[in-house]
Amino acid sequence: MTAKPNILQRAMEDRIFVGVAAAVALAALVVTLFPGLSGYRVNVVGQLACFALLALSLDLIWGYAGILSLGHGLFFAIGGYVIGMHLLEHSVATTGVTPDIVQFMGWKALPDWWGPLESFPVALIAALAVSFAVAFVFGWVSFRSRVGGVYFAIITQALVYVAMLLMFRNDTGFGGNNGMTGFQTIFGVPFQTPGVAKALAVTSLVVLAIALVACRMLMIGRFGRLLVATRDDETRLRSLGYETLRLKLGVWCLSAVLAGIAGLLYVPQVGIINPRVLSPELSLEIAVWVAIGGRGRLAGAVIGAVLVNAIKFSLSATMPELWPFVLAGLVILVALIFPNGLLDIGRWKPTWISRSDALQPKDVTP
């Protein structure tokens, strides 16, 4: 009698997933062991890891639950703003230098309520808690009202747009249009210290690897199967006695928390956070990354995010005006030829081959 494979064994059956997870681990090893990498390249690797984690968070809710969110930039921004406040408080405490935000906001000092965020554990808990709370309230109201499909996508984009307009105002107290910048230290170490950029990039890669494996194991288990059933026929699943509201709300909150972690890791590497991360364009791009890579596979989200942003970084340095056309071309290519993303490339056949196969005589011998 053959033993039933456990969850870890089932997770390793997907060769593409194993390859992507191994590539992420290898990238972390290379960044750690090779001192010859330039600071710019290390920073790019770290940013790509953050974008991959952000795409992974959307694939959980879109690929498995069938719920398209066009507002995931909101949770990304929550993590970014919380870590930005922490870095400013920490920089003031360690260097005594007043950041520029105090001057252009007309303050005498940083707001008192930012004080507890000087502690990184407090900032981490705050980022996760706020992301979870916002997602829970919005998700509970939406899913309880049976809002789904294109209506949910429109509402999420409206939500992130409203948040962007709100954060552009100076009286909200988060830096307005200028946002937050001028971070001096992290964990007491100046950002200019050699090795800080490498540590941030490796941390982002490690978090991405852990999230990728954990989400894969979760999705191949009972929870993931129920999510897919909800996506395919929610009415039938409810008639069988399952509470689909809890399923959708659970994966939605998990997705929001992962997006918040991505923002938390991203801001220290770029050195700034402003309302532009809340622009609807970013949230649309996240969906494009997942669609190009292939949704519902997790590994596809990582592939899409890395591929698209690697091309974007490359063209931004040489031909920035060409990038919108390249992105539009990728979207059209995927929509017309690879509707399930680039993970389907191995199963694709040109039209003329498909037609010739259809015309071949079939063996009807009984």
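Just so you know, these numbers come straight off a predicted model, no measurement behind them.
Linking ILVMFWY side-chain heavy atoms closer than 4.5 Å, directly or via other members, places I155 and V137 in two distinct hydrophobic clusters. Under the 4.5 Å side-chain heavy-atom criterion for ILVMFWY residues, a single connected hydrophobic cluster contains both L37 and Y40. Note on Y81 and I125: separate hydrophobic clusters, where clusters join Ile, Leu, Val, Met, Phe, Trp and Tyr whose side-chain heavy atoms are under 4.5 Å apart, directly or indirectly. In the hydrophobic clustering of ILVMFWY residues, with side-chain heavy atoms under 4.5 Å counting as a link, L56 and I210 come out together. Both V18 and L29 belong to a common hydrophobic cluster when Ile, Leu, Val, Met, Phe, Trp and Tyr are linked at side-chain heavy-atom distances under 4.5 angstrom.
In this structure, F168 places its CZ atom where more than 12 heavy-atom neighbours from other residues, nucleotides or ligands lie under 6.0 Å away. By the neighbour-count criterion of 12 heavy atoms within 6.0 Å, atom OH of Y161 is sparsely surrounded, having that number or fewer from other residues, nucleotides or ligands. Within 6.0 Å of CD on E321 lie more than 12 heavy atoms contributed by other residues, nucleotides or ligands. Other residues, nucleotides and ligands contribute over 12 non-hydrogen atoms within 6.0 Å of the CZ atom of F104. Counting non-hydrogen atoms of other residues, nucleotides and ligands closer than 6.0 Å to CH2 of W114 gives a total above 12. Within 6.0 Å of atom CZ in R169, 12 or fewer heavy atoms from other residues, nucleotides or ligands are found, so the atom counts as exposed in its surroundings. Heavy atoms from other residues, nucleotides or ligands lying under 6.0 Å from CZ of F313 number more than 12.
A 4.5 Å side-chain heavy-atom check between H72 and S57 finds at least one atom pair inside the cut-off. Taking 4.5 Å as the limit, some side-chain heavy atom of I16 sits within range of a side-chain heavy atom of I303. The shortest distance between side-chain heavy atoms of F191 and L87 falls below 4.5 Å. Inter-residue side-chain proximity for V97 and S91 is flagged as unmet; no heavy-atom pair is nearer than 4.5 Å. Contact annotation: the side chain of S69 approaches that of L58 to within less than 4.5 Å [non-hydrogen atoms, C-beta and beyond]. The shortest side-chain heavy-atom distance between L247 and L237 falls under the 4.5 Å cut-off.
Screening D232, V251, L218 for a side chain to side chain contact (heavy atoms under 4.5 Å, CB included) with L227, the sole residue that qualifies is V251.
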Going through the checks in order, is the side-chain contact (heavy atoms from CB on, under 4.5 Å) test met by L282 and S279? CA-CA 6 Å; L282 174 61; S279 69; 4.2 Å; yes
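Residues P268 and L200 come closest through the heavy atom pair O-CD1, 3.9 Å. Minimum heavy-atom separation, A49 to L205: CB-CD2, 3.8 Å. Nearest heavy-atom pair across N274 and N177 is CB-O, 3.9 Å. For the pair A77 and L278, the tightest heavy-atom approach, listed with the atom from each and the gap, is CB-CD2, 3.5 Å. Contact record, P111 with E89: O-OE2, 3.8 Å, taken as the closest heavy-atom pair. Taking all atoms of both residues into account, the shortest heavy-atom contact from P99 to L88 is CB-CD2, 3.8 Å.
Side-chain contact of E234 with T244: a donor-acceptor pair under 3.5 Å is present, judged by distance alone. Q269 and S204 form a side-chain donor-acceptor contact under 3.5 Å, judged by distance and modelled atom types alone.
Between the SG atom in C50 and the CG atom in L208 there is a gap of 9.0 Å [rounded to 0.5 Å].
Ring planes of F136 and F132: parallel class, angle under 30° (limits at 30 and 60°).
R238 places no side-chain N or O within donor-acceptor distance of the main-chain N or O of E243, the cut-off being under 3.5 Å. Of the possible polar contacts, one joining the T156 side chain to the A153 backbone as a donor-acceptor pair under 3.5 Å is found.
Partners of F152 according to the ring-ring contact (aromatic ring centres under 6.0 Å, His included) rule, which considers only residues two or more places apart in sequence or in another chain, are F138, F143, W252. Residues forming a ring-ring contact (aromatic ring centres under 6.0 Å, His included) with F51 (at least two apart in sequence, or on another chain): Y266, W289. Remark: T185 pairs with T94 by the side-chain hydrogen bond (donor to acceptor under 3.5 Å, both in side chains) rule, at least two apart or across chains.
Between E285 and K312 there is a salt bridge, with a side-chain nitrogen of the basic residue lying less than 4.0 Å from a carboxylate oxygen of the acidic one.
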